[in-house]
Number of protein chains: 4
Amino acid sequence: MPEQDSILEGLFQEEERLTEKQKKIIMAAIESFSEKGYAATSTSEIAKKAGVAEGTIFRHYKTKKDLLMGIVSPMMAKLIAPFVIKDLYKVINHKYEHFEDFLRAMMENRIAFLKNNMPLIRILIQEIPFHPELKEQFKEHIAIKVFERFVTLAEYYQKKGQIIDIPAYSVVRMTFTSIFGFLIARYLILPEADWDDKKEIELTIQFIMHGLSAKD
Amino acid sequence: MPEQDSILEGLFQEEERLTEKQKKIIMAAIESFSEKGYAATSTSEIAKKAGVAEGTIFRHYKTKKDLLMGIVSPMMAKLIAPFVIKDLYKVINHKYEHFEDFLRAMMENRIAFLKNNMPLIRILIQEIPFHPELKEQFKEHIAIKVFERFVTLAEYYQKKGQIIDIPAYSVVRMTFTSIFGFLIARYLILPEADWDDKKEIELTIQFIMHGLSAKD
Amino acid sequence: MPEQDSILEGLFQEEERLTEKQKKIIMAAIESFSEKGYAATSTSEIAKKAGVAEGTIFRHYKTKKDLLMGIVSPMMAKLIAPFVIKDLYKVINHKYEHFEDFLRAMMENRIAFLKNNMPLIRILIQEIPFHPELKEQFKEHIAIKVFERFVTLAEYYQKKGQIIDIPAYSVVRMTFTSIFGFLIARYLILPEADWDDKKEIELTIQFIMHGLSAKD
Amino acid sequence: MPEQDSILEGLFQEEERLTEKQKKIIMAAIESFSEKGYAATSTSEIAKKAGVAEGTIFRHYKTKKDLLMGIVSPMMAKLIAPFVIKDLYKVINHKYEHFEDFLRAMMENRIAFLKNNMPLIRILIQEIPFHPELKEQFKEHIAIKVFERFVTLAEYYQKKGQIIDIPAYSVVRMTFTSIFGFLIARYLILPEADWDDKKEIELTIQFIMHGLSAKD
DNA sequence: GATGAATGAGTGTTCATTCAT
DNA sequence: TATGAATGAACACTCATTCAT
C-alpha cells in the first residue's frame with residue numbers, strides 16, 4: 001500500500017505544467033517559510049535559494065502571498081483527503097472492527113504523513129494565526145469536514161458499545177488532542193530527544209482507549 | 001484567593017520605574033505582535049498605536065527584538081511560578097489527596113491565567129518557532145523545570161496507587177496534552193464557538209482519570 | 001602624448017558593464033563626498049543628484065561605504081601606476097639624464113593628473129584619516145611601493161653625483177614635500193589666488209635642486 | 001622659558017568660568033572629533049564619554065557646531081600668536097642674526113606645539129575643508145596675518161643677503177612646505193615609524209638653507 | 001545647572017513589485 | 001519564459017535638539 005504521502009512530490013507529479021524553475025521556487029519557499037516564517041522571508045532570498053531571477057517568482061505568482069497560498073492550499077486538500085474518502089470507507093466496510101484498530105491505523109498513517117511533510121505542516125501551523133483566509137480554509141476543510149466525519153465514526157463506535165456515551169464531538173476532540181499532542185511533542189517541541197516511538201504510540205492508544213472506554 | 005494573575009498588571013505594578021509612555025508602548029506592542037506577529041509588525045505602527053514618537057520606543061528598547069524579549073521574558077517566569085512553588089507545596093502538604101482534585105485545581109487555575117493573558121500567550125506560542133533564544137528559554141524553564149516537578153508529582157500519585165504504572169513522563173505528557181488540547185481548541189482555534197466550559201472541563205478530567213486509572 | 005589621465009573616464013571606459021545610472025551615481029557621489037565629506041553626505045542626496053531612486057544605489061553598492069570604496073580604490077591603482085611602471089623605466093633608459101629633467105617631467109605629469117582628478121583626490125585626502133582600511137591601502141600602495149621606487153631613483157642620481165649624499169629616503173621626502181606642498185597650496189588652499197604656474201614650478205624645481213645639490 | 005604650549009590647558013586656565021563638566025565635554029569632544037571626524041561623531045557619544053547627560057552639552061553650546069567652534073576657534077588665535085608677536089619681535093631685535101637660527105628655533109617651537117596639541121590640530125586640518133567659516137577664519141588669521149609677517153621676515157633676510165632674491169612669498173611657501181611636510185610625514189602619516197628627529201630636522205634645515213641660499 | 005525622557009525628521013538599507021529587454 | 005535593473009515606500013534605528021523637572 002505505498003500511498004503517495006509526500007504532498008510535494010504529489011504536487012510536482014500531477015501538475016505537469018510546472019517548469020523546473022517553478023519547482024525550485026516552491027522548494028526554496030517551503031524551506032524558508034518553514035524556518036523563518038512567511039513575514040520574515042524575502043522574495044529575493046527565495047529567488048537566490050532557488051537559483052532564479054527575482055522577477056521569475058512574480059511570473060508565476062502575482063504576489064508573495066500568492067506564493068504562500070500556492071504552497072499551503074494544495075496541502076489542505078491532501079491533508080483531509082485520506083480521512084474523508086479512504087479511511088471512512090474502510091471503517092464502514094468493517095475493516096476496523098474495533099475503535100482501537102482504527103486508532104492504531106490512523107496514528108501510523110498520520111505519523112508517516114507528518115514525517116514526509118514536516119516543513120509544509122510547520123508553515124501551515126505557523127501561518128494560520130496571521131492569515132484569516134488560511135484560518136477560514138482550515139476551519140472549513142479540517143474543522144468541519146474532517147471533524148464531521150470523525151463525529152460520525154465516533155457515533156458508530158459508540159453504538160457498537162466500544163466508546164463511552166458522552167457527546168461525540170468531545171470524543172473526537174480528546175482523541176485528536178491526544179494524538180496531536182504526541183505528534184507535536186515528538187516532532188515540533190522535542191524532535192531531538194530520544195523517543196521510543198513504538199512504545200509511546202502504544203501508551204497513547206491505551207490512554208485514549210481507557211479514557212474513552214465504555215466499561216466504566 | 002484573588003491571586004494576581006495578569007502578567008501585565010503585575011509587571012506594571014512591580015516595576016515602578018516604568019513611564020506612562022513605556023506602558024503604552026508595551027501594551028501597543030502586545031496587541032500588534034499578538035495579532036499580526038512580530039515580523040509583520042512595524043515599529044512605526046506600534047508608536048502610532050501607543051501615541052508616542054517612534055524614537056521613544058528605541059529610548060527604552062535598543063532594538064525591536066529587545067522589545068519582544070522585554071515582553072516575553074517576564075512571562076516565562078510568571079508562567080512557571082505557580083507550578084514550581086505553590087502547587088507543588090500544596091500537593092505535598094496533602095492539600096490534594098487525590099490526583100483528580102489536583103487536576104481540577106490546576107485546570108481552573110490555568111484557565112484563569114490563560115483568560116487574563118491571552119495576547120501574551122499567543123505571542124509566546126507564535127514566536128517560539130522563529131527565535132532560537134526563546135525556544136531555549138522555553139525549554140529550560142518550562143520543558144525542564146515544570147516538567148520535572150510534574151514527573152515528581154506523577155510518581156507521588158503512582159505510589160499512592162492512583163495512577164497506572166507507566167513511565168511518569170508519559171503520564172505528564174498525556175495529562176498536559178489533554179489539558180492544553182482543550183485550552184487550545186477552546187481559546188485559540190474555536191474561541192467564538194458556544195462552549196459549555198464546566199462540562200468540557202469535567203469531561204476532560206474524567207477522560208484523563210480513566211485514561212490513567214490504575215484500576216484496569 | 002595625450003595620456004588618459006582622468007581616472008573617471010578611464011573607469012567608465014574600461015568597465016563597459018557600468019549602467020548609465022551607475023555612472024550618474026558615481027559622479028554624484030564624487031561631487032558630494034568631495035564637497036561635504038563622506039559622513040555628511042546622505043545617500044538620499046546622492047540619489048537625488050544622480051536622478052535615480054535611492055534603492056538603485058544599493059543595487060550596485062551593498063552599503064554606503066562600498067560606494068566610497070568603489071570610488072576611491074581604483075584611484076589608488078591609477079595614482080601609482082605611472083610612477084611604478086612608465087617613469088621609472090624611462091629614467092633607467094637614460095631618458096632623464098639629469099635629476100632636474102626628471103623632476104620637471106614629474107611635476108608636469110602630476111599637475112595634469114591633479115587637475116583632471118581634483119574631486120577624487122580631495123576625497124582621498126579627506127577620508128583617509130577616518131577609514132583605517134583606506135589608510136592601510138594608502139600606506140601599502142603609495143607609501144611603500146611608490147616610495148621604494150623613488151628611493152631607488154634617488155640612489156641612482158646620487159651615484160651619478162647629482163644629488164647630495166644623505167639618506168635617500170630623506171631626499172625623497174623633501175622632494176615630495178616640496179612638490180605636494182606647492183600643489184596643495186595651489187589647488188587646495190588658495191585655488192582662487194592668481195598663480196603664475198610656470199614660474200612657481202620653476203622656482204620649486206630650483207629650490208629642490210639647490211637644496212639637494214651635491215656641489216656644496 | 002617653558003611657555004604654556006598646550007592650548008587646552010591654557011583654555012581651561014584662562015576661562016575660570018568653565019565648570020568641571022564643561023571641561024569634560026570639551027575633552028571628550030576633542031577626542032571623538034579628532035578620531036572619527038565631526039560629522040561622524042554624535043552628541044550622545046560625547047555626552048557618554050564625558051560622563052554628563054545629553055542635555056548638558058546643549059546648556060553650554062547651543063548646537064553641535066557651536067561645540068566644534070568653541071574648540072577650534074581659540075586654537076586659531078593660539079596658533080598664530082607666537083608668530084605674530086613674540087618671534088617677529090625677537091628677529092627684529094637681532095635675536096636671530098641668521099635665517100638658519102630662526103629656522104631652527106621655529107621648528108623646535110612648532111614641533112613642541114604640535115606634540116602638545118595633536119588632537120586639536122587634527123580636528124582643524126580635518127574639518128577645514130567642510131566648514132567655510134573655518135576656512136575663512138583660517139585664511140584670515142593664518143594665511144594672511146602669519147604669511148604677511150613671514151614675508152616681512154623673508155625680505156629682512158633677503159636684504160641681509162642670506163636668502164636668494166626671488167619673490168618673498170615664494171620663499172615663505174617653500175619654507176613652510178618643507179617644515180610642515182616634515183611634520184605631517186612625522187606625526188600624521190607615519191607616526192609609528194622609527195624617526196631620528198634630530199637628524200631629520202637638521203637635514204630639513206640644511207635642505208631649506210641650500211635651497212634658498214644666495215650663494216649660488 | 002543639570003538631567004534624561006521625549007521628539008520627529010532623517011539615516012542607511014530592504015522590500016515586493018514592475019517592466020523593458 | 002526568464003531576466004535583473006529600477007523603483008519608491010517602508011523599514012528599523014539614530015540624530016540633534018527641547019523642555020519639564
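Residue numbering restarts at 1 for every chain, and letters A, B, ... go by the order of the sequence lines.
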In this structure, how many angstroms lie between the [atom2] atom of [N] and the [atom1] atom of [X], rounded?
{"X": "C:Q22", "N": "F:dA5", "atom1": "CD", "atom2": "C1'", "result": "10 Å"}
{"X": "C:K48", "N": "F:dA9", "atom1": "NZ", "atom2": "P", "result": "13 Å"}
{"X": "D:E54", "N": "F:dA16", "atom1": "CD", "atom2": "C1'", "result": "9 Å"}
{"X": "A:F58", "N": "E:dC19", "atom1": "CZ", "atom2": "C1'", "result": "13 Å"}
{"X": "C:I57", "N": "E:dG12", "atom1": "CD1", "atom2": "C1'", "result": "10 Å"}
{"X": "B:K21", "N": "E:dG4", "atom1": "NZ", "atom2": "P", "result": "19 Å"}
{"X": "B:I46", "N": "E:dA6", "atom1": "CD1", "atom2": "P", "result": "16 Å"}
{"X": "A:E45", "N": "E:dT17", "atom1": "CD", "atom2": "P", "result": "15 Å"}

Which nucleotide in the set [options] lies at the smallest distance from any side-chain heavy atom of [X]?
{"X": "C:T19", "options": "E:dC15, E:dA5, F:dA5", "value": "F:dA5"}
{"X": "C:S44", "options": "E:dT13, E:dT11, F:dG4", "value": "E:dT11"}
{"X": "D:A53", "options": "E:dT3, F:dT7, F:dA2", "value": "E:dT3"}

Would you say the side-chain atoms of [X] and [Y] include a donor-acceptor pair closer than 3.5 Å?
{"X": "A:H131", "Y": "A:K65", "answer": "yes"}
{"X": "A:T43", "Y": "A:E54", "answer": "no"}
{"X": "D:K49", "Y": "D:S32", "answer": "yes"}

Nearest-nucleotide comparison on DNA chain E, the residue closer to the 5′ end among B:E20 and C:K65:
B:E20
Does F:dT1 have OP1 or OP2 sitting under 4.0 Å from an N or O in the side chain of A:H60?
no
Reckon A:S42 has a side-chain N or O less than 4.0 Å from the OP1 or OP2 of E:dT14?
no
[N] pairs with which nucleotide, Watson-Crick or G-U wobble, both distances below 3.5 Å?
{"N": "F:dT14", "answer": "E:dA9"}
{"N": "F:dA9", "answer": "E:dT14"}
{"N": "F:dT21", "answer": "E:dA2"}

Given DNA chain F, 5'-ward residue of the pair C:R59 and B:Y38, judged by closest heavy atom
C:R59
Please determine which of B:L120, B:V72, B:I46 meets the side chain to side chain contact (heavy atoms under 4.5 Å, CB included) test together with B:F33.
B:I46
When we call it a touch if two heavy atoms are under 4.0 Å apart, what does A:T43 touch: a base, just sugar-phosphate, or nothing?
base
Contact class for D:T56 (heavy atom, under 4.0 Å): base, sugar-phosphate, or nothing?
base
Is it true that a side-chain atom of D:T19 and a backbone atom of D:Q22 form a donor plus acceptor pair closer than 3.5 Å?
yes
